[in-house]
Every structure is written in structure tokens, then in C-alpha cells.
2 protein chains.
Amino acid sequence: MEPNPVVKGSLTTIILKLLEDNGRMYGYEMTKAVRESTANKMSITEAALYPALHKLVEDGLLTTTSEKVDGRIRKYYALTKQGKKETHSKIQALKEALDSVQLILNPKLSNG
Amino acid sequence: MEPNPVVKGSLTTIILKLLEDNGRMYGYEMTKAVRESTANKMSITEAALYPALHKLVEDGLLTTTSEKVDGRIRKYYALTKQGKKETHSKIQALKEALDSVQLILNPKLSNG
DNA sequence: GTATTTACCTAATAAAATTAGGTATGTTTT
DNA sequence: AAAACATACCTAATTTTATTAGGTAAATAC
């Protein structure tokens, strides 16, 4: 079974959360981390991931450093000070949004 | 506090869910239902809603009937047979997607 | 009679993801 | 050694979806 793409609009926040938890990561590592933590149910596609990473750097939320490991280039990403600040509020906002959708999918039956 | 828009990509499934629960509804009613069931935390904007409804009709998942109530037109929407079928799988898919994001936001700490 | 609520809608733009690739090195399998 | 798979980066074109920013019109509340 192919893993499904992650919930739309959540990618940026997921990246920030991964970096908050792990300090620094490279792109390919993030795709594996998501597949693992969701038991292969969801994945982030590289075609969505890399542009999102570049935008976060552009917006000043991430910094990047390249390293050669085993003959291959890795671009590590880490949160900037500003990135750390915004991470908290974005995670909070996403959690609340998810909770609201849950409320709609599991509405209160209480009318009596 | 203004309610936030609903999680991106979830609108179509939310519409189907509302109609599954309520039999038939009109657009404006759906916007109120979402605000109510989320305690005014989330709303669906009409600018997103109406095009989404029209597309669902076009795709054969909804039918519509117009009624004049208190001098104003209401366009009621209801699930077609095909709409009912697809509703189940779309709700299931959205639930799994939400669960996966939850797993990423609340990762297992279990490494020992 | 003004504001708010009900009730529908669209056009232009922006944001985000998908589709569909491409490049290159290292590792494993046959 | 060739083929397949995994690692690791990337982009261009398109599509999907939502936002911004309105508009129309009738009923109701103030």
C-alpha cells in the first residue's frame, strides 16, 4: 500500500515540528521520518517538500548547511530564532484546526 | 475572535459529512453548522463553499432543489446514491490523514 | 431608515500540492 | 557487470483549492 500524502496545508508546520524535535534534519530524512512515525500511512512528497523548505529559508525561519556524507551531499536544515518562535504558534494553530475537523466528523449527538 | 478557515483540503469531505448527518442542507446552513459544532473556532467561507458545492453537483455526488422560504431562495443539497458511496471512503481517508498528522505532532517518545 | 442577518453568487489572484519528470552516487541482487 | 533499489538533491508545468474582494437581494432587528 502506497502511503497517502499528508493533509494539505499542514506541510510547513510538520517541517517545523520535525526540526523542533530533532534539532537538524535533511530533506530526505524528513520524508523517512514521516513514513516511520505514521507507520507508512502518510508521506510527504519530495516535490512538495523541497519548495516548502526553500520558502522557509527565504522567509527566515530556517537556515541550511551542506555536508558531504558518504560521497553524497546532504543539506541540513535547522530552525532560526524566528523559526523557533513561529513554530509554537503554528503547531498550536494546526492542532486547533485538526480538533475542529474532528468535531465536525464526530459531532455531539446531544439533543436530548 | 474571528473563526479560522477549516483545514485545507477538507472542505469537500466536510460537506459530504454534513449531508450524511442531516439529509439535506442549504449552503448558508452549512456555514452556520460548522461554526456551531466547532464553538465558533472554525468556519467555512462562502467563497470556498459555493464553488465546492457546484463541483460536487457537477461530479454527480449531490443533487440540488430550490425552494422559496420566507421570500428568499434556498438551494437544498442532498447526496446522490454515488455521493453516499463516496462519502464513506472520503470520511475514512480524512480521519486517517488527521490521525497521521496527530502522530507527527505527538510522536512516540518510546526509544527505551 | 440603518444595520444586521439571511441567502445566493463570481472573478481574479494566490497558495499549495500534484504530476512528471531530471541528475547523480552508493548499495544490493542476480 | 548489469540491473534494480535506495539515497539525496532538484524543477517546470499544471491542477487544485482557497483567499481576497467584491456583488445582488430580501427579511428582520434596532
Side-chain angles (χ1 to χ4, degrees), chain A residues 2-16 18 24-36 40 42-59 61-62 64-77 90 93-94 97 100-101, chain B residues 2-16 18 24-36 40 42-59 61-62 64-77 90 93-94 97 100-101:
Chain A
E2 282 299 295
N4 293 109
V6 109
V7 173
K8 283 169 210 283
S10 63
L11 180 56
T12 291
T13 307
I14 286 171
I15 291 169
L16 296 175
L18 289 172
R24 63 176 216 155
M25 297 179 85
Y26 54 99
Y28 190 75
E29 188 182 12
M30 296 179 192
T31 68
K32 284 189 299 179
V34 166
R35 280 198 300 273
E36 274 172 40
N40 215 43
M42 293 286 145
S43 71
I44 54 185
T45 63
E46 293 180 55
L49 174 63
Y50 290 111
L53 286 171
H54 300 161
K55 182 158 194 306
L56 285 168
V57 172
E58 197 184 296
D59 291 348
L61 304 192
L62 302 186
T64 180
T65 53
S66 288
E67 267 179 47
K68 199 166 196 175
V69 180
D70 296 327
R72 288 193 220 83
I73 288 289
R74 284 183 186 170
K75 278 182 72 176
Y76 280 97
Y77 292 88
K90 290 208 175 173
L94 179 55
S100 289
V101 178
Chain B
E2 282 297 294
N4 294 108
V6 110
V7 173
K8 282 168 210 285
S10 64
L11 179 57
T12 291
T13 307
I14 286 171
I15 292 169
L16 295 175
L18 289 172
R24 63 177 218 156
M25 297 178 85
Y26 54 100
Y28 189 76
E29 189 182 12
M30 296 179 193
T31 69
K32 284 189 299 179
V34 165
R35 280 198 300 274
E36 275 172 39
N40 216 43
M42 293 285 146
S43 72
I44 54 185
T45 64
E46 294 180 54
L49 174 63
Y50 289 112
L53 286 171
H54 299 161
K55 182 158 193 307
L56 285 168
V57 171
E58 197 184 297
D59 292 348
L61 305 192
L62 303 185
T64 181
T65 54
S66 289
E67 268 179 46
K68 199 165 196 176
V69 180
D70 297 326
R72 289 191 222 85
I73 288 288
R74 283 183 187 172
K75 278 182 72 177
Y76 280 97
Y77 292 87
K90 290 206 174 172
L94 180 56
S100 289
V101 178

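Note that the structure is a prediction, hence the values are computed from the model and not measured. In what follows, every chain begins at residue 1, and chains take the letters A, B, ... in the order their sequences are listed.
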*Asks:* Looking at residues at least two apart in the chain, or sitting in another chain, which of them share a side-chain hydrogen bond (donor to acceptor under 3.5 Å, both in side chains) with A/K55?
*Replies:*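 For A/K55, the residues satisfying side-chain hydrogen bond (donor to acceptor under 3.5 Å, both in side chains) (neighbours in sequence not counted) are A/D59.
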
*Asks:* If I compare all heavy atoms of B/S66 with all of B/K75, which pair ends up nearest, and what's the gap?
*Replies:*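 In terms of heavy atoms, the two residues are closest at OG-CG, 3.2 Å.
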
*Asks:* Roughly how many Å is it from CD in A/E67 to P in D/dA8, rounded to a whole number?
*Replies:*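 Nearest whole value for this atom pair: 12 Å.
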
*Asks:* Quick one, which residues of residues 29-36 of chain B touch DNA chain D with a heavy atom under 4.0 Å?
*Replies:*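 Residues of residues 29-36 of chain B under 4.0 Å from DNA chain D: none.
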
*Asks:* Do you know which two heavy atoms are closest between B/R35 and B/S43, and how far apart they sit?
*Replies:*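 That would be CG-CB, 3.7 Å.
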
*Asks:* Where is the tightest heavy-atom contact between B/G27 and B/L49, given as atom of each residue plus distance?
*Replies:*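 Looks like O-CD2, 3.2 Å.
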
*Asks:* To the closest 0.5 Å, what do you measure between CG (B/L62) and CD1 (B/I15)?
*Replies:*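 That separation rounds to 7.5 Å.
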
*Asks:* Locate the shortest heavy-atom distance separating B/L11 from B/A48; write the atom from each residue and the value.
*Replies:*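 Nearest pair, atom of B/L11 first, then B/A48: CD2-O, 3.5 Å.
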
*Asks:* Under the ring pair (Phe, Tyr, Trp, His ring centres under 6.0 Å) test, which residues partner A/Y28, sequence neighbours left out?
*Replies:*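 Per chain and number, A/Y28 pairs via ring pair (Phe, Tyr, Trp, His ring centres under 6.0 Å) with no residue.
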
*Asks:* Measure the angle between the two terminal helix axes of the helix from C/dG1-D/dC30 to C/dT30-D/dA1, five base pairs each, and quote it to 10°.
*Replies:*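 So the angle between the two local helix axes works out to 30°.
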
*Asks:* Please identify each residue that fulfils side-chain contact (heavy atoms from CB on, under 4.5 Å) with A/R24, with sequence neighbours left out.
*Replies:*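 In terms of side-chain contact (heavy atoms from CB on, under 4.5 Å), with neighbours along the sequence ignored, A/R24 is linked to A/T65, A/E67, A/Y76, A/A78.
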
*Asks:* If you measure from CD1 on A/I44 to OH on A/Y50, what distance do you get to the nearest 0.5 Å?
*Replies:*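 The CD1 atom of A/I44 sits 9.5 Å away from the OH atom of A/Y50.
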
*Asks:* In whole angstrom, what separates A/L53's CG from D/dA8's P?
*Replies:*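 Computing the A/L53:CG to D/dA8:P distance gives 15 Å.
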
*Asks:* For residues A/M42 and B/A97, report the shortest heavy-atom separation together with the two atoms involved.
*Replies:*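 Closest pair (atom of A/M42, atom of B/A97, distance): CE-CA, 3.5 Å.
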
*Asks:* For a quick test of reading the model: is some side-chain N or O of A/Y50 closer than 4.0 Å to OP1 or OP2 of D/dC9?
*Replies:*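 Result: yes.
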
*Asks:* Indicate the atoms forming the closest heavy-atom contact of B/K90 with B/L16, along with that distance.
*Replies:*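 Between these two residues, the closest heavy atoms are CD-CD1, 3.9 Å.
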
*Asks:* Using the 3.5 Å cut-off, write out each protein N or O paired with an N or O of nucleotides 24-27 of chain D and the distance between them.
*Replies:*
unit_1 : atom_1 : unit_2 : atom_2 : d
D/dA27 : O4'    : B/R72  : NH2    : 2.9

*Asks:* Could you pull out all residues at least two apart from A/S10 that satisfy side-chain contact (heavy atoms from CB on, under 4.5 Å)?
*Replies:*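 Only A/V6, A/V7, A/I14, A/L94, B/V101 meet the side-chain contact (heavy atoms from CB on, under 4.5 Å) criterion with A/S10.
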
*Asks:* Distances for protein N/O vs nucleotides 14-20 of chain D N/O pairs under 3.5 angstrom?
*Replies:*
unit_1 : atom_1 : unit_2 : atom_2 : d
D/dA18 : OP1    : B/G9   : N      : 2.9

*Asks:* Provide the start and end nucleotides, 5' to 3', of the part of DNA chain C that has atoms under 4.0 Å from heavy atoms of chain B.
*Replies:*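 Listed 5' to 3', the contact boundaries are C/dT5 to C/dT10.
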
*Asks:* For residues A/L53 and A/M30, determine if any side-chain heavy atom of one lies less than 4.5 Å from a side-chain heavy atom of the other.
*Replies:*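 Contact flag for A/L53/A/M30 side chains = yes.
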
